> 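Before we start, here is the structure in question, set down as structure tokens.
It should be emphasised that the depicted structure is a prediction, and the values quoted were computed from it without experimental measurement.
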Amino acid sequence: VPAYSEVTPDVVDVTAWLTPSISLNIPLVSAAMDTVTESEMAIAMARNGGIGVLHRNLSIDDQAAQVDVVKRSESGMITDPLTVNPEVTLADLDKLCGKFHISGLPVVDKENKLVGIITNRDMRFIASEDYDTLKVKDVMTKENLVTAPEGTTLAEAKEILRRHKVEKLPIVDKDFHLKGLITIKDIEKAEVYPNSARDEKGRLLVGAAIGATADVLDRVAALVEAGVDVLVMDSSEGYSYWQKHCLEWIRSKYGDTVKVGAGNVVDGEGFRFLAEAGADFVKIGIGGGSICITRETKGIGRGQATAVIEVAKARDEYYKETGIYVPICSDGGIVHDYHITLALAMGADFVMLGRYFARFDESPTNKVRINGQYMKEYWGEGSNRARNWQRYDLGGSTKLSFEEGVDSYVPYAGPLADGVQTTLYKVKSTMCNCGALSIPELQQKAKLTVVSSTSIVEGGSHDVVLKNATPSIMNG
């Protein structure tokens with residue numbers, strides 16, 4: 001229901017807390033599904049102010065490698081840059097640069113002292129047949145190296161790069177040990193994506209899914225080593241011994257340095273269980289996703305709005321009792337853009353979306369043409385296609401006994417940035433109608449009312465023939 005407002009969309013702040021210590025610039029998270037989030041989606045999400053959660057239908061090494069790709073894609077200063085030894089062949093160097101999509105590397109000796117730098121410019125006129133015999137030391141730039149001392153700001157680095165017309169600036173200490181690397185591409189990307197979500201080192205944020213499975217200890221260790229910002233327990237049922245045990249193990253080994261989201265739950269009791277177990281945020285929703293049939297096959301779940309409202313109340317009560325604010329995530333049940341605003345108004349701190357993001361260029365599935373319309377494939381994690389049976393297992397089964405998800409298509413929607421911009425403008429516009437400058441203020445001021453089926457019909461176009469739905473109209 002509209003309220004008195006003096007607010008315009010350009011001043012609305014949609015900053016959201018992912019965990020008590022990590023904030024996002026937009027309240028959107030892409031789901032940990034193999035049709036939604038891999039490194040390309042995670043990079044796009046962070047560039048636009050949110051975060052992507054890499055799915056766990058990957059080997060431990062592959063999932064950790066994708067975390068590394070995201071963290072290395074952009075950085076204020078790369079504190080642990082890839083380097084190469086001067087004795088490495090150009091063939092091996094070429095493979096390394098190809099793997100990480102980079103154009104050059106600092107060259108260091110065994111003591112990590114900078115001895116040169118090698119880029120495409122150095123290799124441009126080297127015949128490919130000589131790559132196996134020539135070494136880095138034979139072609140690298142080693143005279144008049146352009147470097148900067150520790151403490152150099154990005155603005156100072158940009159001026160040094162401009163003045164010397166180079167693209168990479170090694171940061172060294174007084175003994176010439178390599179301490180970091182600043183590139184012109186990273187500086188330019190930070191300017192192109194001013195709303196991007198970054199860590200304290202200027203790298204893009206990224207999350208990764210884990211499960212309470214036999215390999216979880218090794219998976220967590222590899223993801224933490226790769227630099228993941230938040231781990232997300234990926235399960236259809238979070239109110240369980242296995243999630244509590246996994247959270248307690250992570251806390252015992254890493255303390256509060258590793259952030260973990262848990263879920264899913266649908267009531268206050270489930271929320272409190274996970275909050276007390278050490279979850280940094282809690283996901284809400286069972287059976288509400290567009291490709292989920294858990295309620296249909298098992299009769300387990302709850303309406304998403306009811307679940308969010310009850311869990312939000314439990315979160316607020318927990319905060320009053322303990323002084324600890326545990327953010328909550330509405331996961332599933334989003335059909336229209338305005339449903340995002342409703343979820344936030346009902347108390348969610350942010351929302352996790354699958355179908356919404358599966359439509360975009362950055363999702364991992366192929367674009368296909370069905371009956372003249374471009375579509376993208378989208379299937380549930382509980383479907384036979386995904387075979388992610390562990391997500392729905394309660395500790396005993398070793399196979400997917402029955403499906404809890406479907407295999408489907410979603411309409412192709414182009415690049416993520418364009419879609420997210422439109423969606424956020426709608427969210428901000430609705431917040432303006434409520435007189436709210438921020439998500440917490442929306443939750444305080446929003447006046448929700450129950451609507452009838454007739455009200456829903458009259459809320460859209462009705463009793464007219466839409467022009468784009470009319471195949472042929474002749475002027476007469």
> If only atom types and distance count, is the side chain of N25 paired as donor or acceptor with the main-chain N or O of N195 below 3.5 Å?
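The answer is yes, because a donor-acceptor pair under 3.5 Å joins these two groups.
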> Counting heavy atoms not belonging to E6, are there more than 12 under 6.0 Å from its CD?
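It does not: E6 CD has 12 such atoms or fewer within range.
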> Roughly how far, to the nearest 0.5 Å, is the OG atom of S196 from the CG atom of L204?
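So the CG of L204 and the OG of S196 are separated by 6.0 Å.
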> Do S59 and D62 get their side chains close enough for a donor-acceptor pair, meaning under 3.5 Å?
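A pair is found: one side chain offers a donor N or O, the other an acceptor, under 3.5 Å apart.
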> Answer whether the closest heavy-atom distance between the side chains of R302 and I286 falls below 4.5 Å.
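Not touching, per the 4.5 Å side-chain cut-off.
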> Under a plain distance cut-off of 3.5 Å, with no hydrogens placed, do Y193 and E191 share a side-chain donor-acceptor pair?
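No, no side-chain donor-acceptor contact under 3.5 Å.
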> So how far is it from S73 OG to K189 NZ, rounded to the nearest 0.5 Å?
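Nearest 0.5 Å value for the OG-NZ distance: 6.0 Å.
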> With no hydrogens and no angle check, is any side-chain donor or acceptor of S408 less than 3.5 Å from a backbone partner on Y378?
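Yes; judged by distance alone, with no hydrogens or angles, the pair exists.
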> Yes or no on side chain to side chain contact (heavy atoms under 4.5 Å, CB included) for T15 and I439, after CA distance, side-chain angles and deciding distance?
CA-CA 7 Å; T15 299; I439 293 173; over 6 Å; no
> Donor-acceptor pair, Q66 side chain versus S39 backbone, under 3.5 Å?
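The answer is yes, because a donor-acceptor pair under 3.5 Å joins these two groups.
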> Should K253 and E248 count as an ion pair when the cut-off is N to O under 4.0 Å?
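Salt bridge between K253 and E248, a charged N being under 4.0 Å from a carboxylate O: no.
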> If we check side chain to side chain contact (heavy atoms under 4.5 Å, CB included) with V29, which of these qualifies: V230, T37, D331, L24?
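So the option named by the test is L24.
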> State the CG-CZ distance between N264 and F271, to the nearest 0.5 angstrom.
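One gets 13.5 Å once the value is rounded to the nearest 0.5 Å.
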> Surrounding NZ of K367 (heavy atoms of other residues, nucleotides or ligands, distance under 6.0 Å), is the total greater than 12?
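Atom NZ in K367 is crowded, with more than 12 foreign heavy atoms closer than 6.0 Å.
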> Mind jotting down which residue pairs meet the salt bridge (charged side-chain N to carboxylate O under 4.0 Å, His left out) criterion with at least one end in residues 209-229? Sequence neighbours excluded, please.
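Of all non-adjacent pairs touching residues 209-229, those that pass salt bridge (charged side-chain N to carboxylate O under 4.0 Å, His left out) are K71-D229, D215-R219.
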> I'd like to know if the side chain of D280 and the backbone of V260 have a donor-acceptor N/O pair within less than 3.5 Å.
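Side chain of D280 to backbone of V260, a donor-acceptor pair under 3.5 Å: yes, one is there.
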> Can you confirm whether K259 is buried at NZ, in the sense that more than 12 heavy atoms of other residues, nucleotides or ligands lie under 6.0 Å from that atom?
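Above 12, so yes.
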> Would you check if there is a donor-acceptor pair between the side chains of T8 and D10 at a distance under 3.5 Å?
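D10 vs T8: donor-acceptor pair found between side chains.
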> Determine, stepwise, if the pair S235 / Q243 fulfils side chain to side chain contact (heavy atoms under 4.5 Å, CB included).
CA-CA 9 Å; S235 172; Q243 283 219 9; 3.3 Å; yes
> Are there over 12 heavy-atom neighbours, none belonging to Y425, within less than 6.0 Å of that residue's OH?
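No.
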> Is any side-chain heavy atom of L169 closer than 4.5 Å to one of L161?
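Yes, their side chains come closer than 4.5 Å.
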> If we ignore hydrogens and angles and just use 3.5 Å, is the side chain of E377 paired with the main-chain N or O of Y409 as donor and acceptor?
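It does not hold such a pair.
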> Taking C-beta and beyond as the side chain, do R198 and L205 meet within less than 4.5 Å on heavy atoms?
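No, every pair of side-chain atoms sits at 4.5 Å or beyond.
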> Angle class for the F360/Y356 ring planes (parallel below 30°, perpendicular above 60°, tilted otherwise)?
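The arrangement is perpendicular - the two ring planes meet at more than 60°.
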> What verdict does the side chain to side chain contact (heavy atoms under 4.5 Å, CB included) test give for K283 and M352, after you've listed the backbone C-alpha separation in whole Å, the side-chain angles of each residue and the deciding distance to 0.1 Å?
CA-CA 8 Å; K283 291 191 297 162; M352 176 175 279; 4.0 Å; yes
> Looking only at heavy atoms, what is the nearest atom pair of L181 and K168, with distance?
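Smallest heavy-atom distance, with atoms named: CD1-CB, 4.2 Å.
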> What are the two closest heavy atoms between P27 and L344, and how far apart are they?
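Distance-wise, the nearest heavy atoms are CG-CD1, 4.0 Å.
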> So, Y239 and D267: side-chain donor and acceptor under 3.5 Å apart, yes or no?
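Side chains of Y239 and D267: no pair found under 3.5 Å.
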> Between S330 and Q304, do the side chains contain an N or O donor and an N or O acceptor separated by less than 3.5 Å?
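Distance-only check passes for S330 and Q304.
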> Check E156 against T152 and note the closest heavy-atom contact, atom names and distance.
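Reported closest heavy-atom pair: OE1-CA, 3.5 Å.
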> I'd like to check L442 versus C434 (side-chain heavy atoms, cut-off strictly below 4.5 Å). Are they in contact?
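The answer is yes, as the side chains (C-beta and beyond) meet within the 4.5 Å cut-off.
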> Please step through side-chain hydrogen bond (donor to acceptor under 3.5 Å, both in side chains) for the pair S75 and K201, ending with a clear verdict.
CA-CA 7 Å; S75 177; K201 296 179 181 178; over 6 Å; no
> Establish, for the pair K376 and Y412, whether the NZ or CZ atom is under 6.0 angstrom from the six-membered ring centre and no further than 45 degrees off its axis.
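Pair K376/Y412 does not count as cation-pi.
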> Side-chain contact test, heavy atoms from C-beta onward, threshold under 4.5 Å: evaluate it for R72 versus D80 and give yes or no.
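R72 vs D80: side chains touch.
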> In a check of side chain to side chain contact (heavy atoms under 4.5 Å, CB included) between P81 and each of I102, L178, I171, which one passes?
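Filter result, single survivor: L178.
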> Dump the intermediate steps for side chain to side chain contact (heavy atoms under 4.5 Å, CB included) on M45 and L416, then the final yes or no.
CA-CA 8 Å; M45 284 297 301; L416 178 144; 3.8 Å; yes
> Is a side-chain N or O of E150 found less than 3.5 angstrom from the main chain of K179, in a donor-acceptor match?
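Not a single qualifying donor-acceptor pair exists.
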> Less than 4.5 Å apart, side chain to side chain, heavy atoms only: is that true for I328 and F281?
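With C-beta onward as the side chain, the pair stays apart.
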> Testing the basics here: between C432 and V12, what is the closest heavy-atom pair and its distance to 0.1 Å?
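So the minimum-distance heavy-atom pair works out to SG-CG2, 3.7 Å.
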> Kindly say whether A16 contributes a backbone atom to a donor-acceptor pair with the side chain of S23 at under 3.5 angstrom?
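Checked: no pair found.
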> To the nearest 0.5 angstrom, please state how far the CD atom of E188 sits from the CD atom of E167.
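Reported to 0.5 Å precision, the distance equals 8.0 Å.
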> Would the distance check show the side chain of R251 and the main-chain N or O of G278 forming a donor-acceptor pair, the cut-off being under 3.5 Å?
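Yes, the answer is positive, given that a donor and an acceptor are paired below the 3.5 Å cut-off.
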> Any side-chain heavy-atom pair from I370 and V368 closer than 4.5 angstrom?
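I370 vs V368: side chains touch.
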> Which of these passes salt bridge (charged side-chain N to carboxylate O under 4.0 Å, His left out) with E74: K185, R47, R203?
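Going through K185, R47, R203 one by one, the salt bridge (charged side-chain N to carboxylate O under 4.0 Å, His left out) with E74 is satisfied by R47 alone.
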> Give a yes or no on whether Q421 atom CD has more than 12 heavy-atom contacts from other residues, nucleotides or ligands under 6.0 Å away.
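No, because the 6.0 Å sphere around CD of Q421 holds 12 heavy atoms or fewer from other groups.
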> Could you tell me if D349 and Y325 have a donor-acceptor pair between their side chains, going purely by distance under 3.5 Å?
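Note: Y325 and D349 side chains meet the donor-acceptor criterion.
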> Within the 4.5 Å heavy-atom criterion, are E40 and P364 side-chain neighbours or not?
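No; the side chains remain at least 4.5 Å from each other.
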> How many angstroms lie between CE in M346 and CG in L448, if you round to the nearest 0.5 Å?
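The CG atom of L448 is 5.5 Å from CE of M346, to the nearest 0.5 Å.
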> V420 and I26: which non-hydrogen atoms are nearest, and at how many Å?
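The pair with the smallest heavy-atom distance is CG1-CD1, 4.0 Å.
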> Spell out, as yes or no, whether a donor-acceptor pair under 3.5 Å connects the side chain of E441 to the backbone of L437.
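Here the side-chain-to-backbone pair exists.
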> If you look at every heavy atom in R56 and I210, which pair is closest and at what distance?
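Here R56 and I210 meet closest at CD-C, 3.5 Å.
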> Has T430 got a side-chain atom pairing as donor or acceptor with K426's backbone, closer than 3.5 angstrom?
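Yes, T430 side chain to K426 backbone: donor-acceptor pair under 3.5 Å.
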> Give a yes or no on this: more than 12 heavy atoms of other residues, nucleotides or ligands lie within 6.0 Å of atom NZ of K158.
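Atom NZ in K158 is not packed in, count stays at 12 or less.
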> Could you grab the distance from atom CD of E237 to atom CD1 of I300, nearest 0.5 Å is fine?
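These two atoms lie 7.5 Å from each other.
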